[in-house]
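Read through the structure below, which is laid out as structure tokens, and then see the notes.
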Amino acid sequence: MNKTWILLRAQIINFFPINEIREPWNKKQNTAVIMGLGVITLMLFICIYNVLTAKILVQVGEQELIPAYMVAISSFAIFFLTMLRSNGILFGSRDIDMLSSLPVEVGEVISSKFLFMYLLNFLVGFVFMVPGGIVWVINAETDILRFALYFASVFFVPLIPMCMASFIGVLVVMVSSCFKNRNILALVFSFAALGLVGYIGISGTHGDSDMVSLGVELAKQITEIYPLSELFLKNFSLLVLEGIGTFIILSSVIFYLFVKIVSKKYDLFNKLFNTSSKYTRYKGVIKRQSSFATLYKKELGRFFSSYTAVLNTGLGVILLCVFSILLLVISPQKLGLYAGIEDMGGFLANYAPIVIASMLSLSCPAASSISLEGKNMWILQSSPVSIKMILNSKLAVNLTLHAFGYFFAVIAVITRLNMSLIQFTGLLIIPVCYSIFIGVLGIFLNKKYPNYEWNSEMVVVKQSIPVIISGIIGMIAVAAPILLNWFLSFHIMPTLWGMAAILIITASIMYQKSCMSNYI
Amino acid sequence: MLEIKNFTKSYNEKKKAVDDLSLSIDPGDIYGFIGANGSGKTTTIKAVVGIHDFDSGRITVCGHSIKKEPIICKKMMAYIPDNPDLYEHLTGYQYINFISDLFDIPTDERTAKIEKYGDLFEMTGNLGNIIASYSHGMKQRTAIISALVHSPKLLVLDEPFVGLDPKATFTLKQIMQECVSDGGAIFFSTHILDVAEKLCNKIAIIKGGKLIASGPTETVKGNQSLESFFMEVQDI
């Protein structure tokens with residue numbers, strides 16, 4: 001068997017709980033089943049969403065735009081996801097030292113890691129492109145060649161976004177490694193890069209769009225998000241072959257070249273990624289603190305020392321800060337024009353608590369904080385501190401992170417909007433209830449399903465069962481009051497208060513349960 | 001000091017990792033815990049220090065149950081694992097200070113202890129560096145210093161000599177002797193039978209999760225060397 005395939009196979013077995021599922025008595029079997037169900041549910045949601053989006057395009061008579069739209073959106077999603085995880089799977093993974101000692105070529109190692117990342121991204125591309133593609137096939141009047149090429153391109157769509165995101169990831173690591181506080185700079189660069197790409201993509205997607213020019217407008221917006229999607233707008237056989245054919249060839253060539261170039265400098269990139277901060281000397285100031293303070297400080301330091309954890313779990317709070325800045329800089333009226341909401345002031349006065357809560361629910365470092373202890377877990381397990389205190393310190397980090405975005409957002413909303421006393425009280429209390437619930441839920445799930453045996457932080461920060469389940473439950477908690485308001489005409493404020501009460505009661509039950517045990 | 005009674009632990013329903021193990025470690029004992037790989041040594045040690053829960057039996061430290069009063073028990077103990085995975089982003093000083101905070105050690109006391117053991121293990125010059133830059137032996141020495149900083153009554157060590165250079169090994173042996181002469185006790189696992197024979201006043205041998213011999217070293221091994229005795233019982 002080719003060595004790349006051997007390495008890939010080992011990665012897949014190590015990453016997915018395949019062996020655990022095979023062992024009927026293994027306690028991790030339940031975890032694997034729940035995780036599998038969570039992933040399938042999430043994929044189903046995305047599939048349904050894409051079918052609905054494609055159907056809307058059919059309804060407005062623009063079914064011919066479906067392929068380009070799906071390519072653009074899936075590429076965008078793959079780009080963001082790869083950007084968030086390439087520096088964890090591709091570089092700086094713990095198995096590099098072990099692999100370096102084996103008789104395998106660097107090219108084979110990197111190919112296997114790229115293929116593994118491709119496999120994950122292929123699934124993302126698949127849930128975007130195939131459901132939309134089926135709607136297109138049913139509704140479009142086009143030739144079989146175009147259908148065939150579209151479905152063949154599903155295999156090639158992840159390649160270019162993966163290369164672009166990995167390239168930016170490498171660049172971030174290279175630049176930040178020259179500075180003292182490497183991780184903080186890497187994070188700033190990463191968020192700046194994500195913001196820049198997001199801005200370029202979204203800045204072109206507004207303007208006057210009357211029904212006559214809707215098709216042209218949509219095509220323009222789609223190709224502005226991802227210029228290569230223009231190749232999917234061709235309609236005639238020869239042009240289709242030229243368009244999608246060019247896309248497939250271009251994707252393959254770029255991917256091949258990228259793997260070759262990275263292989264040449266792989267050792268250097270890994271070295272840069274694993275370089276500790278240059279600030280290595282520390283004067284031995286021995287200072288006494290309380291057990292909680294020392295645990296909290298340790299936890300905060302652990303969180304901010306992990307580029308992967310901050311980049312992935314800090315995203316919601318960063319978005320909240322961006323939202324607050326936008327609200328402070330641009331008037332609600334202008335924001336309303338931009339978002340297509342007539343009375344933005346009135347809308348935000350009612351919905352601000354849930355907008356803030358939705359972004360806070362995206363940031364849940366608590367859901368991976370216990371697993372992130374990894375092989376260091378023995379230190380806490382053998383220390384004379386209660387489980388409650390350990391969990392509190394992890395929860396406190398979650399709340400601290402949320403507090404940062406929360407205060408910023410509350411100040412921005414209060415400054416910009418006229419609110420009644422009830423709305424103001426809701427703004428202050430409802431996001432706090434959501435924040436506590438999200439943090440406690442993360443801790444509860446992570447205590448129930450810990451994973452201390454990981455090779456890359458990415459495994460627990462992004463793909464572990466507590467992270468996935470807490471994300472889904474968080475989304476449901478945010479969506480439930482909105483859906484009740486939209487579809488069953490429930491008043492938003494009482495619904496939000498009711499939801500907040502349910503969340504706090506649930507959080508207190510989970511908290512009590514988590515703290516009961518003497519073992520972690 | 002440490003009482004293990006009918007301790008049983010299984011990781012899955014099919015096989016017991018440790019089955020009905022009973023041991024008693026008194027003040028002044030250096031108790032060696034010997035067995036082949038996978039025999040249940042680390043499982044026992046992890047249950048003793050409160051890392052792992054267990055199915056049945058009782059483990060007490062100075063009369064306090066590790067299950068019911070874990071914090072009281074842990075305050076009296078120190079544990080050093082076979083592989084010292086420490087917080088890599090902290091410096092040696094920060095790590096020892098962190099452990100001292102958890103054990104609530106007064107500033108003067110911890111400063112004196114860090115100075116004493118830092119010098120003894122020749123680590124003082126390195127404690128200001130980030131742990132990620134340490135070798136395996138340096139991490140092991142840092143773990144030992146942090147374990148000694150609160151003057152534990154009971155030291156529980158899992159393969160403590162692995163990765164230590166001869167000088168550090170000698171220092172650790174001396175510290176172990178000091179600890180028991182002050183009324184403390186040591187329970188440690190090892191594969192180095194020569195060390196166990198010379199250092200331990202009592203030994204226990206575990207095989208396939210079951211205790212097959214325990215008691216004063218001389219009584220257990222009889223006239224033969226510990227190595228010969230160990231090989232003999234492994235073949236049974």
Side-chain angles (χ1 to χ4, degrees), chain A residues 20 23-29 94 182-183 274-307 372-390 393 452 517-520, chain B residues 11-15 46 49-53 66-81 83-108 110-111 114-115 118 124 127-130 132-133 143 146-147 150 156:
Chain A
E20 281 83 356
E23 291 176 338
W25 61 85
N26 198 311
K27 283 178 184 169
K28 284 185 179 173
Q29 208 182 37
R94 277 193 188 177
R182 193 182 71 92
N183 270 336
N274 287 320
T275 308
S276 297
S277 170
K278 290 189 175 175
Y279 185 65
T280 52
R281 286 298 300 177
Y282 169 84
K283 285 214 165 197
V285 182
I286 308 298
K287 210 175 123 194
R288 191 178 178 181
Q289 292 176 105
S290 71
S291 297
F292 177 77
T294 203
L295 280 171
Y296 172 69
K297 242 178 90 180
K298 187 276 299 178
E299 201 59 37
L300 210 59
R302 174 72 182 90
F303 176 69
F304 282 109
S305 71
S306 168
Y307 168 83
L372 267 180
E373 292 285 340
K375 288 175 179 162
N376 297 139
M377 198 58 205
W378 69 271
I379 300 169
L380 295 182
Q381 286 171 325
S382 62
S383 294
V385 282
S386 63
I387 300 299
K388 189 176 178 177
M389 193 184 282
I390 295 171
S393 69
Y452 304 124
S517 160
N518 277 331
Y519 291 90
I520 189 167
Chain B
Y11 288 106
N12 58 55
E13 285 155 17
K14 279 198 166 178
K15 194 177 175 281
K46 283 187 172 175
V49 297
I51 291 178
H52 284 171
D53 199 355
I66 188 71
K67 268 199 178 191
K68 290 176 187 158
E69 301 165 291
I71 296 175
I72 298 173
C73 293
K74 287 173 186 178
K75 281 226 172 205
M76 292 185 277
M77 283 193 282
Y79 164 63
I80 302 168
N83 207 357
D85 291 301
L86 310 178
Y87 294 126
E88 304 251 316
H89 62 284
L90 298 186
T91 65
Y93 275 126
Q94 285 172 328
Y95 176 73
I96 300 166
N97 205 34
F98 168 76
I99 296 293
S100 305
D101 281 334
L102 297 184
F103 279 89
D104 204 18
I105 313 295
T107 313
D108 294 347
R110 70 176 77 173
T111 310
I114 294 170
E115 250 179 58
T124 307
L127 288 177
N129 294 339
I130 276 179
S133 66
S146 69
H150 69 281
V156 182

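Chain letters run A, B, ... following the sequence lines, proteins first, then strands; residues in each count from 1. Computed from a prediction, not measured in an experiment: that's the story for all the values here.
With B:Asp101 as reference, A:Arg288 is the one residue of A:Lys298, A:Lys297, A:Arg288, A:Lys287 to meet the side-chain contact (heavy atoms from CB on, under 4.5 Å) rule.
Proximity to chain A is limited to the backbone of B:Ile105, based on heavy atoms less than 4.5 angstrom apart. Interface remark: B:His150 contributes no atoms to any contact with chain A (heavy atom separation under 4.5 Å). With a 4.5 Å cut-off on non-hydrogen atoms, B:Lys68 touches chain A through its backbone but not through its side chain.
Between chain A and the options B:Pro106, B:Ser146, B:Ser100, B:Cys73, heavy-atom pairs under 4.5 Å are most frequent for B:Pro106. Between chain A and the residues B:Asp53, B:Val49, B:Thr107, the largest count of heavy-atom pairs under 4.5 Å involves B:Asp53.
Within the 4.5 Å cutoff, no side-chain heavy atoms of A:Ile379 are placed close to those of B:Tyr79. Side chains of B:Ile114 and B:Leu127 form a contact here, defined as non-hydrogen atoms less than 4.5 Å apart. Between A:Leu380 and A:Glu373 the shortest side-chain heavy-atom distance falls below 4.5 Å.
Checking side-chain atoms of B:Lys74 against main-chain N and O of A:Gln381 turns up a donor-acceptor pair under 3.5 Å.
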